Amino acid sequence: MRLLFVLLFWCFYAVSGAAQPLPSPSPLFEGYVDLNTAEQRDTYREILARRAAAGDGNAAFLCGIDGVVRASEVIVRQGLPLAATLDYLSTSPVFGLLEHDAFADADPETREALLHLLEDAPFAAFIDDVAAHLENGRACLAAAPHAPITMLADLSKLRTDVDGDGLLDEPATPLADLLEQMASATGDLPTTFVFDRTDGYWLEAYLNATLAPLRMLQAFDHGETREILRDLIRRDYDPVFLDGRGRWWSLRDALSISALVSIRWPLTDAEAHGRMIDHLKAVPDLGRRTWLAAMEETDDRLEWLPGPGQTSPFSSAMGGGFENDTDSVQLWLDTLGDAEAILDGSALIPMRYVGLRETHGLNMASYIGQQTRFDLGMILTARDLLDHIEEGPVLTRRQTDNLGDLTLMFLSMGLFR
């Protein structure tokens with residue numbers, strides 16, 4: 001579940017622009033934020049989908065935003081405050097350091113919400129619901145792949161039905177909280193942007209990147225792992241002193257290891273697994289289109305995703321390094337090409353085993369395409385990888401380092417807080 005949250009704003013660089021004249025407010029967006037009920041919004045989404053199918057880029061983009069908003073509502077409606085849930089997951093014995101006992105320290109309401117969500121039927125319904133909303137947005141964008149986009153939109157106006165009562169509440173969305181956090185260093189709160197074709201490719205890329213792990217959860221049976229997580233949440237264990245050096249050990253720590261060992265999930269839905277592969281393969285090409293489109297831009301007006309020569313007021317809030325020059329964009333393009341080569345099998349991932357020749361590596365396309373289980377132990381010990389180690393062009397250490405660095409850049413962002 002953490003992967004869903006972390007990946008939900010993949011490749012996120014929000015920016016604000018300078019002196020060029022702004023387009024007129026988008027009638028589509030203004031009509032969307034003026035809706036009062038969830039029923040009206042459902043009708044409006046159908047209109048957006050039809051217009052996207054007819055080649056309307058603005059309708060396709062707004063339909064993508066609608067998918068993100070609805071998926072966020074599902075998450076919050078489960079009783080999971082996004083920021084707190086991320087904290088619990090990122091510092092828990094399973095997902096973080098063993099000495100952090102975040103599940104045991106969670107407030108009772110969140111613990112109960114997590115316990116309910118991790119049951120078989122609620123978890124399946126939750127994943128299906130979130131995936132369906134994101135898929136609707138992705139399909140709209142895919143229906144108008146090259147249509148021009150020019151949409152002035154104030155994201156703070158987005159209204160939500162978080163409580164599920166059928167009424168769209170005044171703007172108080174997780175997205176507003178995200179923008180506020182990103183702007184905290186300067187005290188500024190830019191929420192108005194001019195979205196363009198670059199942002200359309202980006203939005204479609206991140207929807208695919210978010211859908212991939214959801215399809216993975218749909219494809220594999222992880223019931224035992226979820227049951228162990230439920231044990232971690234609902235039971236309190238006193239630590240047991242083990243040695244004379246101040247180290248403590250508890251049954252919770254042992255269960256944390258059990259959770260990791262239990263990641264031996266059999267494949268149960270081949271169709272969902274195929275969709276997972278399709279989403280993964282779509283990301284590098286859409287990422288390439290994003291950066292090529294950004295390099296062609298000559299304006300600098302309320303940009304969401306900055307290209308070379310465009311500025312970002314969020315750079316200081318996010319630690320710097322978010323203004324893209326030509327060299328950094330080329331690095332992205334090269335690395336996306338490497339990712340694409342890994343996914344189509346034309347490049348191999350180096351395997352650091354003694355006795356394995358440097359010309360041999362893992363064919364990830366072969367492994368994923370023939371996968372019948374996701375067994376963490378058999379992956380780490382290479383048992384499930386043996387049949388997919390081949391001789392061929394192997395990525396260099398620098399190429400794999402670049403892939404790792406960019407992945408860490410995505411994962412380092414505290415999103416939806």
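Not measured: the values here are computed from a predicted model.
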What one should report as the nearest heavy-atom pair of Asp221 and Gly223 is OD1-N, 3.1 Å
Are Arg41 and Glu73 within salt-bridge range, i.e. N to O under 4.0 Å? yes
With a 4.0 Å cut-off on N to O distance, would you call Glu340 and Lys281 a salt bridge? no
Do you know the tightest heavy-atom contact between Ala259 and Ser262? O-OG, 2.7 Å
Is the shortest distance from a Lys or Arg side-chain nitrogen in Asp384 or Arg264 to a carboxylate oxygen in the other one below 4.0 Å? no
Measuring from Thr381:OG1 to Asp375:CG, what's the distance to the nearest 0.5 Å? 7.5 Å
Heavy-atom closest pair (Leu343 atom, Pro284 atom, distance to 0.1 Å) is CD1-CG, 4.0 Å
Side-chain donor-acceptor contact under 3.5 Å, Gln330 with Thr326: no
Please evaluate residues Asp199 and Ile149 with respect to the criterion side chain to side chain contact (heavy atoms under 4.5 Å, CB included), reporting the C-alpha separation (whole Å), side-chain torsions for both, the decisive distance (0.1 Å), and the verdict. CA-CA 8 Å; Asp199 306 314; Ile149 297 172; over 6 Å; no
Distance-minimising heavy-atom pair for Ala147 and Arg197: O-NH1, 2.7 Å
Salt-bridge test for Glu30 and Lys157: reply yes if a basic N is under 4.0 Å from a carboxylate O, no otherwise. yes
Starting from the C-alpha separation in whole Å, work towards a yes-or-no answer on side chain to side chain contact (heavy atoms under 4.5 Å, CB included) for Val68 and Tyr206. CA-CA 10 Å; Val68 175; Tyr206 110 85; 2.4 Å; yes
Asp269 vs His273, test: side-chain hydrogen bond (donor to acceptor under 3.5 Å, both in side chains). Steps then yes/no. CA-CA 6 Å; Asp269 188 336; His273 188 255; over 6 Å; no
I need the minimum non-hydrogen distance between Ser346 and Pro393, along with the two atoms involved. O-CG, 3.2 Å
Hey, can you tell me if Tyr201 and His146 have their rings parallel, tilted or perpendicular (30° and 60° cut-offs)? perpendicular
Does Leu214 form a side chain to side chain contact (heavy atoms under 4.5 Å, CB included) with Met276? I'd like the steps, not just the answer. CA-CA 8 Å; Leu214 293 175; Met276 177 196 77; over 6 Å; no
Centre of Phe123's six-membered ring, under 6.0 Å away, within 45 degrees of the axis: is that where NZ or CZ of Arg226 sits? yes
With a 4.0 Å cut-off, would you call Arg138 and Glu135 a salt bridge? yes
Under 3.5 Å side-chain donor-acceptor pair for Asp338 and Gln399: yes
Using 4.0 Å as the upper bound for N to carboxylate O, is an ion pair formed by Asp56 and Arg51? yes
Please work out which of the three classes, parallel, tilted or perpendicular, describes the rings of Phe193 and Phe195, given edges at 30° and 60°. tilted
One should read off an interatomic distance between Glu390 CD and Thr359 OG1, to the nearest 0.5 angstrom, of 12.0 Å
Could you check whether any side-chain heavy atom of Leu395 comes within less than 4.5 Å of a side-chain heavy atom of Leu348, counting everything from C-beta outward? no
Go through Glu297 and Thr198 one step at a time and tell me if the side chain to side chain contact (heavy atoms under 4.5 Å, CB included) criterion holds. CA-CA 9 Å; Glu297 292 187 17; Thr198 296; 2.6 Å; yes
Any side-chain heavy-atom pair of Leu152 and Leu302 under 4.5 Å: yes
Ionic contact status for Asp285 with Arg288, cut-off 4.0 Å: yes
Taken in chain and number order and not counting sequence neighbours, the residues that satisfy ring pair (Phe, Tyr, Trp, His ring centres under 6.0 Å) with Phe374 are Trp265
For Leu280 and Ala212, which heavy atoms make the closest approach, and how far apart are they? CD2-CB, 3.7 Å
Might you confirm whether atom CD of Glu39 has over 12 heavy atoms from other residues, nucleotides or ligands at distances under 6.0 Å? no
When you check the side-chain N and O atoms of Asp300 and Gln310, is any donor under 3.5 Å from an acceptor? no
